[in-house]
Amino acid sequence: MSAMSSPLRTMTERGGRRSLLFSENLKLSQLARSGRIEEAIKVFSSMTNRNTVTWNCMISAYAKNGRVSEARTLFDRMPFKNLVSWNTMIAGYSHNGCSSEAYELFDRMPKRDQFSWTLMITCFSRNGELEKARRIFDAIPGQKSSVLFNAMISGYAKNQRFHDAVQLLNEMPIRDLVSWNSVLAGYTQNEEMLTAVKFFNETMPEKDEFSWNLIVDGFVKIGDWKSAWKFFERIPNPNVVSWVTMFNGLVTSGRIAEARRLFDQMPERNVVSWNAMLSGYVKSLQIDDALKIFMEMPERNSVSWTAMINGYARIGKLKEAKELLDKMSIKSVGAQTALMSGYIQHNRMDDARRIFEEMHTRDVVCWNTMIAGCCQCGRVDEAKELFKRMPKKDMVSWNTMITGYAQEGQIDEALRTFQEMGDKNTVSWNSIISALTQNGFYVEALQYIMWMRREGKKPDWSTFACALSACAHLAAYQAGKQLHPILLKSGYVDNLFAGNALISMYARCGRISRAKQVFDELEAVDLVSWNSLIAGYALSGNGTEAISLLRTMERSGIKPDEVTFVGVLSACSHSGLINEGLDLFKSMSKDYAVKPAAEHFACIVDLLGRAGRLEEAYELVVGMQVEENAGVWGALLGACRIYRNAGLANIAAEKLCEFEPCKSSNYVLLSNIHADAGRWDEVERMRVLMKERGVKKQAGCSWVEIKNKFCEFFSDDPKQPGTAEICLVLETLTAQMRNTGPVLGLSALDCG
DNA sequence: CTAGGGTTAG
């Protein structure tokens, strides 16, 4: 008996040991996949028996969780490396975007197989280094598998090199579904839906659920849920992904009730479906409904918890959010970031900072959230410090800093950051362009848009909105006009931000009928669209039309706001509708519950002033309940100059110098008034005051658009080309205006 | 344990 049992026992022991090792290795890879890296480390260090697979698993575990340097340490220390070890380490670098490190290993490895080639091609492609990927591809000896072709095709397609992708597709010996879908994904994910549908209908010989889902997702991504629905209905065998993709399309277009109906109709639901419903409710801030789903759902993962915490955080129920986080057994980075973000949104920066500092691991999203939070509450120096401290920056980090600097008016820092960053995406370009427009550098903004197009970056709705806004502020009609067809072709016309910017551009360039046409052609309009149009009529001096638009706007169910009234009131004053303007001013607080601000008072002062009712205007300013500003006194001063009321002008100009102590033109005006009245001592006092306050004459500057080029003019600039001609034209114009137009002092033309 | 469609939720 004993002689027989001995070898048997040895065999089972060996088998047992082997199966134990196998199951421990399996456990390691499972932990790695679900992001439980700390547990994986524990398991690995407690293992007495390790084989090469164990080491490979642990390398992969580290790399998949962003700890690529620890993975490398393990790789260097492991007792025996096989081909998979090398491939795993390369994959690790690839997942973490380290293409040069990956290539260094690839170059040194003793033997290569299909995995190695494919990994390296994918790694370079992900990094946008397509030429390097192609060099690898071309150097592969012998027959290339379709997996290799597909990797290269996918790389081209993802990077919008559609021509190269299709060419390779045609060159490969045997195409399969992955090949077709790789090209299709390139189109759908780059918002090329026209080409995508054509490829889907006319080129692809066969389709699977992937193909259908890609099309639906592509339409969802561009916000066209109707087209998404058309294709969704035609899917022969929609799977869970199809349903969730369509569901997501309804949620992003704000149709939460319809989304709910679709959810109820789903033939099968997995945890992703439930999470989609949950976060759908969170997005539309229906937190009670979200909670109901959270309680109802049969299975929860960290995404579910994170979504719920995020929901509470967004409506300011921070106590509930924190309690939920405390209940999580393994607190994911995302969940902690959600609570942190809640604190940031509700101005509890210290609490946010505490969570941030206490976190064991932080991903790039967490860092970016904290940085954005600091920027939002004006702590840009703190943001800068964090930005320096963070171990790995992504595109979002850089873009956030650019926007942060811009909001603080630190345009030089924004420009420096933009130049310093390596790769730039559309958002980076948009960030710097909107930084420029927000700070009044309109010519520079247009310059950057030109550079952006030269770099081959596709403009999106934000680019168009900024470009058109710059044109509007410069009254650059030629440039703005040319943007219109480009916008039409781009497919962003129905974007309200772009559409409103277009209205505003035409309106401010004095093309009010074109503005109206754009307005009428928009699928849906909002308050901003109405305000832009009304402001346009104000600018063109058509008060009657502005008032009539206000009425139409009300009938369409949109309530006017303070901006609307600035438009309507200034329209009244520009077209001499005195009584209408005064009536509207009275009714804006009474009937519309819009509190008049200084800007509205300025309109009425201007209106009364133009009618010569200077005393009334003065009484209004003195008696107004809101804080006075330069605009109000400026309006009064303007009226005083037309009607030559030196006494009131003196008061207004004094006030103006109080509000804008650094603006030289105010002192000059006041000084001129005193000079007119022969009060030379006062003129002298002005001169001394200017010197005391350090007021320097600002160079007057203006732009002219000639043949798509912007010419900047500075006053008193002897280097200015064509000065003599310009002065001659100016003199002629002035003479003509003296004879025909309203009487203006020469100072009215003295604007550089 | 490592490659090609990074189809869906954060």
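Only a predicted model underlies this, so the values are computations on that prediction, with no experimental measurement involved. Letters A, B, ... mirror the listed sequences (proteins, then strands); counts begin at 1.
- The minimum heavy-atom distance linking A:Ala352 with A:Met340 is given by the pair O-CG, 3.6 Å.
- When each of A:Ile256, A:Val251, A:Leu291, A:Ile287 is paired with A:Tyr281, the side chain to side chain contact (heavy atoms under 4.5 Å, CB included) condition holds for A:Ile256 and for no other.
- The side chain of A:Arg175 places no N or O atom within less than 4.0 Å of a non-bridging phosphate oxygen (OP1 or OP2) of B:dG4.
- Here B:dG6 presents its C1' atom at 15 Å from CG of A:Asn213, a figure rounded to the nearest Å.
- Contact annotation for A:Ser29: backbone-only contact, meaning every heavy-atom pair under 4.0 Å involves sugar-phosphate atoms and none involves a base.
- The side-chain contact (heavy atoms from CB on, under 4.5 Å) search around A:Phe210 returns A:Asn181, A:Asp208, not counting sequence neighbours.
- Residue A:Lys317 places its NZ atom among 12 or fewer non-hydrogen atoms of other residues, nucleotides or ligands, all under 6.0 Å distant.
- Among the protein residues, A:Asn239 comes within range of no part of the nucleic acid, since none of its heavy atoms lies under 4.0 Å from any strand.
- A:Ala307 comes within 4.0 angstrom of nothing in the nucleic acid, heavy atoms only.
- Of the candidates B:dG4, B:dC1, B:dA9, B:dC1 carries the atom nearest the A:Ser60 side chain, counting heavy atoms from C-beta on.
- With contacts defined as side-chain heavy-atom distances shorter than 4.5 Å, the pair A:Ile371/A:Met390 qualifies.
- Nearest approach of A:Phe247 to A:Arg260, heavy atoms of both residues: CE1-N, 4.4 Å.
- To the nearest angstrom, P of B:dT2 lies 12 Å from CG of A:Asn82.
- Taking atom C1' on both nucleotides, B:dC1 is separated from B:dG5 by 22 Å, rounded to a whole Å.
- The side chain of A:Val303 lies closest to B:dA9, out of B:dG4, B:dA9, B:dC1.
- Considering only side-chain N and O atoms, A:Lys283 lies under 4.0 angstrom from the phosphate OP1 or OP2 of B:dG10.
- Of the candidates B:dC1, B:dG5, B:dT7, the closest approach to any side-chain atom of A:Thr88 belongs to B:dC1.
- The side chain of A:Val84 lies closest to B:dT2, out of B:dG6, B:dT7, B:dT2.
- One can place CG of A:Asn181 at 15 Å from P of B:dG4, the figure rounded to the nearest angstrom.
- Separating the CE atom of A:Met109 from the P atom of B:dT2 is a distance of 15 Å, rounded to the nearest angstrom.
- Distances from the side chain of A:Asn87 to the nucleotides B:dA9, B:dG4, B:dT2 place B:dT2 closest.
- Between the P atom of B:dG4 and the CG atom of A:Leu168 lies a distance of 16 Å, rounded to the nearest Å.
- Side chain A:Asp176 to base B:dG4: a donor-acceptor pair is found below 3.5 Å.
- In this structure, of B:dG6, B:dC1, B:dT8, it is B:dC1 that holds the atom nearest to the side chain of A:Cys57.
- Atom-to-atom, CD of A:Glu299 to P of B:dT8 comes out at 19 Å; the value is rounded to the nearest Å.
- Using cut-offs of 30° and 60° for the angle between ring planes, the A:Tyr187 and A:Phe162 rings count as tilted.
- Closest to the side chain of A:Asn310, from the set B:dG10, B:dG4, B:dA3, is B:dG10.
- For A:Asp217, whose side chain is taken as the heavy atoms from C-beta onward, the closest listed nucleotide among B:dG4, B:dG5, B:dT8 is B:dT8.
- Residue-level contact check: A:Lys64 touches the backbone only, with heavy atoms under 4.0 Å from sugar-phosphate atoms and none from bases.
- At the heavy-atom level, A:Asn301 lies under 4.0 Å from base atoms of the strands shown.
- Here B:dG10 presents its C1' atom at 15 Å from CG of A:Leu324, a figure rounded to the nearest Å.
- Rounded to a whole Å, the CG atom of A:Asn150 is 16 Å from the C1' atom of B:dT7.
- A:Ser154 has a side-chain polar atom (N or O) that falls below the 4.0 Å cut-off from OP1 or OP2 of B:dG5.
- Candidate nucleotides B:dG4, B:dT8, B:dG5 were compared by shortest atom distance to the side chain of A:Phe210, and B:dG5 ranks first.
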